[in-house]
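Only this structure's heavy atoms are used, side chains among them; waters, hydrogens and symmetry mates stay out.
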Amino acid sequence: MRSPTEYQLPYAQISWQGSDTPYADQFEDVYWSASGGLEEKQHVFLNGCDVLNRWQALGTNGRYTIVETGFGFGLNFLTTLRAWQSEMRPTQCRLDYIAYEQFLVHPDDLRRMAQAFGLEAELGQLLKHYPRPVPGSHSIWVSDNCCLHLVVGEIHDQIETLDANIDAIYLDGFSPSKNESMWDSQLLNLLTARLRSGARLATYSVAGSLRRTLEDQGLKIEKAPGFGRKRHMLIAEVPGQWQAVTGSRKKILVIGAGLTGLLCSSALKESGHDVTLIDQNPEPLGALRDIEQIAIYPQLSKTPQLYSNFYLRAYQYFLRHQAFHACGRIDLLDTEEKLLHGKAIAEQLSGFADFLDIDRASELVGMRVEHPALHFSDAGWMAPTELRPGVPLLRGEVTTLKQSAQGWFVELEGQDSLEADVVVCATGPQSLAQLAPLDLMPLRGQSVQLKSPDIAPRQVLSGLKTWFPIFNGLSTVSGTYDRFDRDLSPREMDTEALVAAVLPFLKKRPAASASVGIRSATRDRMPVVDQLPDWQALNDYCQQPPLARQGFKHYARGLFCAVGFGSHGGTLGPYCAELLARKISNDPIADDLQQLSSTRFAFRDAGIKPRQ
């Protein structure tokens with residue numbers, strides 16, 4: 001994915017012809033024929049790809065992957081979703097539906113479509129989680145066994161990062177004469193290269209250039225009866241016998257039962273794996289057990305960057321799929337630099353992040369503030385202690401972690417050894433040898449809990465410090481950021497600074513207790529969520545002359561990590577855990593994971609481009 005130039009893309013410009021036929025102004029074409037709609041989509045795509053019969057072959061833990069070019073109004077997806085949910089599936093069956101769309105349709109237009117076709121129930125499932133038009137991939141669990149990956153933006157900018165073994169392709173862009181780039185040979189080659197044996201592609205177009213391109217890729221071409229007044233449609237099939245895919249159940253050990261470890265273990269369990277947590281503390285969460293509130297919000301740059309785009313999409317994933325306290329957030333703009341920054345973001349993300357004058361900010365927060373603010377109405381905070389492991393937890397310090405013939409051998413101090421297919425290191429700044437080359441920075445943070453203060457903000461209030469609403473009689477004030485500091489002892493100086501930041505709002509000083517946590521951070525402020533490399537092989541690769549490099553492929557089999565979240569583990573953690581579970585399970589991923597790569601620092605230091 002290229003660095004985005006906009007935080008949000010425009011919605012599709014649509015004119016309605018008659019009562020129920022939408023017309024795309026940008027492409028001067030209709031979304032579907034006046035005589036078609038659901039019946040047309042069913043005939044061309046579901047029947048053309050034979051999905052209903054192939055779903056019958058799915059067994060326990062079965063997987064099926066569909067890719068669509070041109071999501072539009074989502075008719076193909078909603079029709080497929082209705083068929084998928086029309087009968088019981090075996091346990092842990094999963095449908096991954098990956099759809100590309102440059103211009104998302106506005107929710108108001110989607111509702112008009114749903115009323116016309118009687119799809120209100122299916123659309124309701126989608127609209128609960130429908131993303132804003134932010135470029136990139138948006139994973140949307142519309143049900144516990146169906147995930148829509150809606151990829152927003154120009155398809156050529158997004159398709160190369162697709163990691164999937166595809167069972168069916170719905171080729172449904174606007175007419176080749178209206179939108180030529182959606183049908184070019186480069187795109188078709190990238191798509192068909194990811195098709196499994198026996199997989200099918202279906203489309204309404206029978207253009208000669210399309211047939212020749214697909215034949216050049218070795219696909220078998222068939223002209224089938226079209227829908228309505230269209231005489232023909234096209235079906236293409238990869239040679240070979242199609243066979244249902246079954247996800248493999250792995251035995252996985254997650255080292256570290258902090259926030260990231262809990263989120264990763266939950267995502268892996270949901271993917272059907274046998275997961276056990278390991279931590280040296282007797283209870284999960286470690287120091288976070290004493291911290292009642294952590295902030296949930298996106299970290300945004302003044303102009304769009306790759307990292308801020310990822311934060312924004314991960315934040316939207318959190319809002320869709322994680323329980324939390326959505327009270328809103330007020331960021332005070334108390335310097336000229338912050339004021340310019342906040343206004344720039346509000347201008348680009350109106351309705352998502354809004355500029356507030358002093359009076360309106362004071363009204364929302366419930367106390368008088370002295371500066372204008374940036375308001376995130378959907379933001380808030382989560383209580384780490386409300387998370388539950390959901391998997392077995394073993395107490396013990398890891399003394400040995402080494403590869404075995406079957407997977408990994410883990411030894412805990414004073415206990416029997418363990419073996420697993422996969423190990424995930426989610427240990428923060430602790431010193432596992434396998435994480436040492438990442439050079440993670442310990443980051444000490446102290447917060448205080450005010451006991452029954454006489455006043456507290458109604459929304460999370462961020463200024464000199466971050467102040468939270470009252471929860472269970474306590475109001476948290478955070479936080480300090482001390483780099484390369486591992487001291488877990490509370491410091492009176494820090495406690496005084498935190499209390500002093502909110503004391504002007506209070507009638508009297510409340511009692512306060514301090515909590516300290518040590519997080520890990522990376523040098524580019526993005527976490528590392530990836531398979532770990534063979535470090536010696538990586539070092540050797542980086543020493544090679546540029547022309548000798550053929551792409552780095554030497555990774556430690558079955559060894560992964562999720563580390564370096566800094567103070568943003570709450571916001572980024574759920575989406576990163578989802579991506580990690582997919583990577584371990586070999587499930588489809590439609591996102592660009594280079595920003596999370598375990599090799600990125602070594603590559604940068606050696607002057608190597610990410611895919612060189």
Evaluation steps, side-chain hydrogen bond (donor to acceptor under 3.5 Å, both in side chains), between Asp421 and Gln406: CA-CA 7 Å; Asp421 304 308; Gln406 286 73 36; over 6 Å; no
Walk me through whether Tyr311 and His568 qualify under ring-ring contact (aromatic ring centres under 6.0 Å, His included). CA-CA 9 Å; Tyr311 267 83; His568 296 280; 5.2 Å; yes
Apply side chain to side chain contact (heavy atoms under 4.5 Å, CB included) to Lys223 and Leu234, showing your working. CA-CA 5 Å; Lys223 270 189 179 181; Leu234 187 146; 5.8 Å; no
Side chain to side chain contact (heavy atoms under 4.5 Å, CB included) assessment of Val254 paired with Leu268: CA-CA 10 Å; Val254 178; Leu268 289 164; 4.1 Å; yes
With side chain to side chain contact (heavy atoms under 4.5 Å, CB included) as the criterion, how do Glu419 and Ser404 come out once you've worked through the C-alpha distance, each side chain's angles and the decisive distance to 0.1 Å? CA-CA 8 Å; Glu419 282 198 87; Ser404 66; 3.3 Å; yes
Show your working on side-chain hydrogen bond (donor to acceptor under 3.5 Å, both in side chains) between His156 and Asp184 and close with a plain yes or no. CA-CA 10 Å; His156 293 80; Asp184 66 26; 2.9 Å; yes
Can Ser597 and Thr599 be said to form a side-chain hydrogen bond (donor to acceptor under 3.5 Å, both in side chains), step by step? CA-CA 5 Å; Ser597 168; Thr599 60; 2.9 Å; yes
As a quick check of understanding, evaluate side chain to side chain contact (heavy atoms under 4.5 Å, CB included) for Arg63 and Asn61, giving each step before the final call. CA-CA 7 Å; Arg63 300 287 193 265; Asn61 218 26; 3.2 Å; yes
Begin with the C-alpha distance, continue with both residues' side-chain angles, and end with the deciding distance and a verdict on side-chain hydrogen bond (donor to acceptor under 3.5 Å, both in side chains) for Thr80 and Tyr170. CA-CA 11 Å; Thr80 302; Tyr170 298 171; 3.1 Å; yes
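No side-chain heavy atom of Lys230 sits under 4.5 Å from any side-chain heavy atom of Glu40. In this structure, Phe310 and Leu596 have side chains that are in contact, with non-hydrogen atoms separated by less than 4.5 Å. The closest side-chain heavy-atom distance from Met382 to Leu387 is below 4.5 Å. Side-chain atoms of Leu148 and Leu126, non-hydrogen and from C-beta on, do get closer than 4.5 Å to each other. Looking at Cys542 and Asp605, their side chains never come closer than 4.5 Å, going by heavy atoms from C-beta outward. Annotation: side chain of Trp242 is not in contact with side chain of Ser197 (no heavy-atom distance under 4.5 Å). Glu578 has its side chain within reach of Trp141: a pair of non-hydrogen atoms, C-beta onward, lies under 4.5 Å apart. With contacts defined as side-chain heavy-atom distances shorter than 4.5 Å, the pair His43/Met233 qualifies.
Distance alone, capped at 3.5 Å, places no donor-acceptor pair between the Thr79 side chain and the Asn76 backbone. Although no hydrogens or angles enter the test, the distance criterion places no donor-acceptor pair under 3.5 Å between the side chain of Arg94 and the main chain of Cys146. Side-chain atoms of Ser585 come within 3.5 Å of backbone N or O of Ala581 as a donor-acceptor pair. The backbone N or O of Lys178 lies less than 3.5 Å from no partner atom in the side chain of Asp29, so there is not a single donor-acceptor pair. The main-chain N or O of Val142 is found under 3.5 Å from a side-chain atom of Gln125 such that the two form a donor-acceptor pair. Between the side chain of Asn539 and the main chain of Trp535, no donor-acceptor pair closer than 3.5 Å is present. Using modelled atom types, no side-chain atom of Glu68 and backbone atom of Ala99 make a donor-acceptor pair closer than 3.5 Å. Side chain of Thr65 to main chain of Ile166: no donor-acceptor pair is present (N/O by atom type, distance under 3.5 Å, no hydrogens or angles). Listed for the Arg313 side chain is no donor-acceptor partner under 3.5 Å among the backbone atoms of Val134. Side chain of Ser265 to backbone of Leu277: no donor-acceptor contact under 3.5 angstrom is found.
With ring centers used as reference points, Tyr315 lies under 6.0 Å from Phe352. For an aromatic pair to be called close, the ring centres must be under 6.0 Å apart, and His129 with His138 fails this. Between Phe324 and Phe318, the distance separating the two ring centers is shorter than 6.0 angstrom. With ring centers used as reference points, Phe174 lies under 6.0 Å from Tyr31. Here His149 and Tyr97 keep their ring centres 6.0 angstrom or further from each other.
A salt bridge is defined here as a Lys NZ or Arg NE, NH1 or NH2 lying under 4.0 Å from an Asp or Glu carboxylate O, and Asp530 with Arg600 fails to meet this definition. Using a 4.0 Å cut-off between charged side-chain N and carboxylate O, Arg200 and Asp50 make no salt bridge. A salt bridge is absent between Asp274 and Lys269; no separation between the charged side-chain nitrogens and carboxylate oxygens falls under 4.0 Å. Under 4.0 Å is where a charged nitrogen must lie from a carboxylate oxygen, and between Arg196 and Asp167 at least one such pair does.
Donor-acceptor pairing under 3.5 Å is recorded for the side chains of Gln536 and Asp540. The closest side-chain donor-acceptor pair between Gln158 and Tyr100, if any, does not fall under 3.5 angstrom. Looking at Tyr7 and Ser301, their side chains do bring a donor and an acceptor atom within 3.5 Å of each other. Donor-acceptor pairing under 3.5 Å is lacking for the side chains of Gln403 and Gln434.
Relative ring orientation between Tyr204 and Trp183 is described as perpendicular, the plane-to-plane angle rising above 60° on a 0-90° scale split at 30° and 60°. Ring geometry for Trp55 against Tyr64 counts as perpendicular: the plane angle is over 60°, on a 0 to 90° scale with 30° as the lower cut.
Test Gln217, Glu222, Glu215 against Leu219 for side-chain contact (heavy atoms from CB on, under 4.5 Å) and you get one pass: Gln217. Partner of Arg582 under the salt bridge (Lys or Arg N to Asp or Glu O under 4.0 Å) criterion, chosen from Asp591, Asp163, Asp96: Asp96.
For Arg89 and Trp84, the positive end sits near the middle of the six-membered ring, less than 6.0 Å away and at most 45° from its axis.
Taken to the nearest 0.5 Å, the CD1 atom of Ile235 stands 11.5 Å off from the NE2 atom of His232.
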